[in-house]
Amino acid sequence: MIVADRKPLEEILDSIKDYKKIMLMGCGGCVTICFSGGVKAVELLASQIKIARKKQGKPIEIIECTPERQCEFEFIDAFKKDLESAEAVLSIACGVGVQTMSERHEDTITIPGQNTKFMGYPVEHALWEERCAGCGNCVLEWTGGICPIARCAKKLLNGPCGGSSNGVCEVDKDTDCVWQLIYDRLKKLNKLENLMVVRQPKDWRTSTDAGQRRVKFEEAML
Amino acid sequence: MKTLVGSNLERVLAEGHFAVTAEVGPPRGPEAEVVKKKAGILRGVADAYNVTDNQTAVVRMSSIAASKILLQEGLEPVMQIVCRDRNRIAIQSDLLGAWALGMRNVLCLSGDHQSAGAGGKLNGHPGAKNVYDIDSIQLISVVKGLRDEAVQDGGDSISSAAPFFIGAAWTPLGPPEKFRTIRLAKKINAGADFIQTQAVYDIKRFSEAVRRAEDMGLAEKTAILAGIIIPRSAGMLRYMNNNVPGIEVPDELIGRMKDAADPHEEGIKITLELIDAARNLSGIKGVHLQAIEAEGLLPDVIKAAGLLPRPHVY
């Protein structure tokens with residue numbers, strides 16, 4: 001899932017300071033699961049904004065809504081009518097949701113209320129960690145299902161650097177050295193030979209280095 | 001033994017001498033004089049001199065420029081290259097330029113992460129975007145391609161080969177320790193002609209690691225130089241033991257430095273013992289000495305170790 005973290009309230013208030021009526025749009029997808037952008041998060045943020053603006057003596061009107069997913073036209077179109085009276089949209093979906101709204105509603109500005117962080121999962125209640133960098137050429141097959149692109153600060157492909165210490169990364173004492181994890185897992189799977197191969201330089205074109213990427217599913221094309 | 005490149009370091013090793021390399025850190029400023037002064041102190045005491053590439057992610061004079069100054073001063077550089085700051089295009093371009101300027105030895109490293117900032121002593125540039133387009137092992141292959149096939153990583157040929165004597169690092173006691181021997185093997189398979197190790201203090205565990213490398217036939221395929229950092233205080237040893245991954249300092253050594261009436265003398269004594277122990281390991285072909293920001297100590301230490309004069313002084 002995509003994990004996002006709400007921007008500080010001060011920053012949000014500043015970004016909507018010129019408006020008297022906005023639509024606050026959440027998303028029923030990933031950000032609902034990570035607590036930062038679902039129905040409840042919309043309710044909470046709307047009251048925080050209203051209280052703050054009231055204190056400033058500049059009350060604001062907020063239309064609250066949470067489409068099933070903000071990243072598809074068919075779901076956001078259901079709120080087209082409500083949008084007519086709003087001066088701007090404050091979106092607490094991920095960056096994809098913000099851009100879906102921007103593209104669909106060219107004359108209305110959509111302001112992000114979240115910082116979109118990464119693709120990952122909850123490793124424990126209310127704690128998410130990054131697991132996939134979307135590099136476009138998956139290596140998990142030979143790394144024991146543990147990703148060095150998403151989890152190594154140097155994106156190394158041939159084993160740990162000299163900065164791995166007692167299973168911990170030199171960059172952050174709270175982060176496991178992913179190459180230690182890969183080594184331990186491959187040992188358990190009896191596949192250490194995977195690490196003997198010299199892995200060649202990665203072709204980063206499939207990642208973010210060749211501009212916007214596109215996926216076409218031929219079988220489903222109309 | 002046939003030499004490929006004709007560098008002094010390569011020749012010393014090919015002739016079977018116990019090699020000595022020393023580290024020269026470029027200044028945090030533009031003064032050629034600083035490099036020249038270090039060159040003056042160190043001339044003739046080692047076979048080649050490592051020039052670090054923005055170590056601990058702190059901006060310093062470039063390793064190419066400082067290497068060139070050493071060359072002009074009559075010292076042979078081992079130019080270090082890290083993968084942190086440049087992609088494969090810039091690295092290869094720099095390698096061609098370095099060769100044109102006379103550099104013949106390179107040491108291929110991943111490089112300290114940009115969060116390092118000299119271990120917190122300086123601001124550094126923790127917000128910098130890192131590159132790591134290729135890793136240290138892939139870099140070795142790239143240098144080998146430029147040397148042996150006159151070909152770039154992308155497959156295009158270059159007008160003539162750029163023969164370098166290729167070095168790599170080995171952290172024998174870094175975890176996962178068993179995998180470190182595999183990683184050494186990968187570096188040698190990729191094309192590493194010589195290896196400089198992370199600083200060694202625990203000679204017993206180091207000997208075991210070297211033995212593992214010998215058992216895999218690695219010590220004969222490459223020349224392993226044991227890294228030694230001259231200890232100057234118990235605090236310094238404790239700091240390295242706790243903060244520098246892969247450096248393991250036995251309590252006994254820290255105790256010796258702590259109890260010493262003259263820690264300076266004791267540090268040199270320990271260094272000489274380490275050099276001696278390294279010389280007695282069949283898998284070790286030399287030492288790589290570092291006296292961080294105290295290069296002045298090196299000539300006396302190398303002399304006291306009986307490693308002077310060097311076989312070829314040019």
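Here is the naming used below: chain letters follow the sequence lines, and residue numbers restart at 1 for every chain.
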Identify the two heavy atoms, one from R88(B) and one from W204(A), that lie closest to each other, and give their separation to 0.1 Å.
NH2-CD1, 3.5 Å
What part of K202(A) gets within 4.5 angstrom of chain B, counting heavy atoms only: side chain, backbone, both, or neither?
backbone
How far does CZ of F179(B) sit from CD1 of I182(A), to the nearest 0.5 angstrom?
9.0 Å
Within the distance-only criterion (no hydrogens, no angle test), does the side chain of Q200(A) pair as donor or acceptor with the backbone N or O of Q138(B) below 3.5 angstrom?
no
Go through P160(A), C177(A), G163(A), G167(A) and name the one with the most non-hydrogen pairs under 4.5 angstrom from chain B.
P160(A)
For atom NE2 of H105(A), decide whether the heavy atoms of other residues, nucleotides or ligands shown that lie under 6.0 angstrom number more than 12.
yes
In this structure, OG of S136(B) is separated from CG of N158(A) (nearest 0.5 Å) by 7.5 Å
Check I137(B), I134(B), D135(B), L139(B) against P201(A) for a side-chain contact (heavy atoms from CB on, under 4.5 Å) and give me the one that passes.
I134(B)
Give the member of K155(A), R199(A), K187(A), Q180(A) that has the highest number of heavy-atom pairs under 4.5 Å with chain B.
Q180(A)
When D209(A), L192(A), D184(A), L157(A) are compared by non-hydrogen pairs under 4.5 Å with chain B, the top option
L157(A)
Looking at R205(A), I'd like to know if its CZ atom is crowded, meaning that more than 12 non-hydrogen atoms belonging to other residues, nucleotides or ligands lie closer than 6.0 Å.
no
Please check if atom CG in D18(A) has more than 12 non-hydrogen atoms from other residues, nucleotides or ligands closer than 6.0 Å.
yes
Check the surroundings of atom NZ in K117(A): do more than 12 heavy atoms from other residues, nucleotides or ligands lie under 6.0 Å from it?
no
Do you know the tightest heavy-atom contact between T171(B) and G162(A)?
OG1-CA, 3.9 Å
Main chain of L195(A), side chain of K186(B): is a donor-acceptor contact present, judged purely on distance under 3.5 Å?
yes
Near K178(B) NZ, under 6.0 Å, is it more than 12 heavy atoms from other residues, nucleotides or ligands?
no
Could you look at N243(B) and say if it's the side chain, the backbone, both or neither that has a heavy atom under 4.5 Å from chain A?
neither
Mark yes when over 12 heavy atoms from residues, nucleotides or ligands other than R6(A) sit less than 6.0 Å from its CZ; otherwise mark no.
yes
Considering only heavy atoms from C-beta outward, does the side chain of S164(A) approach that of R180(B) to under 4.5 Å?
yes
Please report the interatomic distance NE2(H113(B)) to SG(C169(A)), rounded to the nearest 0.5 Å.
7.0 Å
Return the CG to SG distance between L156(A) and C83(B), rounded to the nearest 0.5 Å.
8.5 Å
Worked verdict on I182(B) versus M196(A) for side-chain contact (heavy atoms from CB on, under 4.5 Å):
CA-CA 7 Å; I182(B) 299 178; M196(A) 290 296 288; 3.0 Å; yes
When rounded to the nearest 0.5 angstrom, what is the spacing between CG in D112(B) and CD in E170(A)?
6.0 Å
R238(B) meets the side-chain hydrogen bond (donor to acceptor under 3.5 Å, both in side chains) criterion, sequence neighbours left out, with none
Intermediate values then yes/no, side-chain contact (heavy atoms from CB on, under 4.5 Å), R183(B) and W179(A)
CA-CA 12 Å; R183(B) 196 161 148 82; W179(A) 276 104; over 6 Å; no
Quick check on V168(A) against chain B: is it the side chain, the backbone, both or neither that has a heavy atom closer than 4.5 Å?
neither
If you take all heavy atoms of Y183(A) and P176(B), which pair is closest and at what distance?
CD2-CB, 3.6 Å
Tell me if the NZ atom of K40(A) is crowded by more than 12 foreign heavy atoms within 6.0 Å.
no
Has N242(B) got more than 12 heavy atoms of other residues, nucleotides or ligands less than 6.0 Å from its CG?
yes
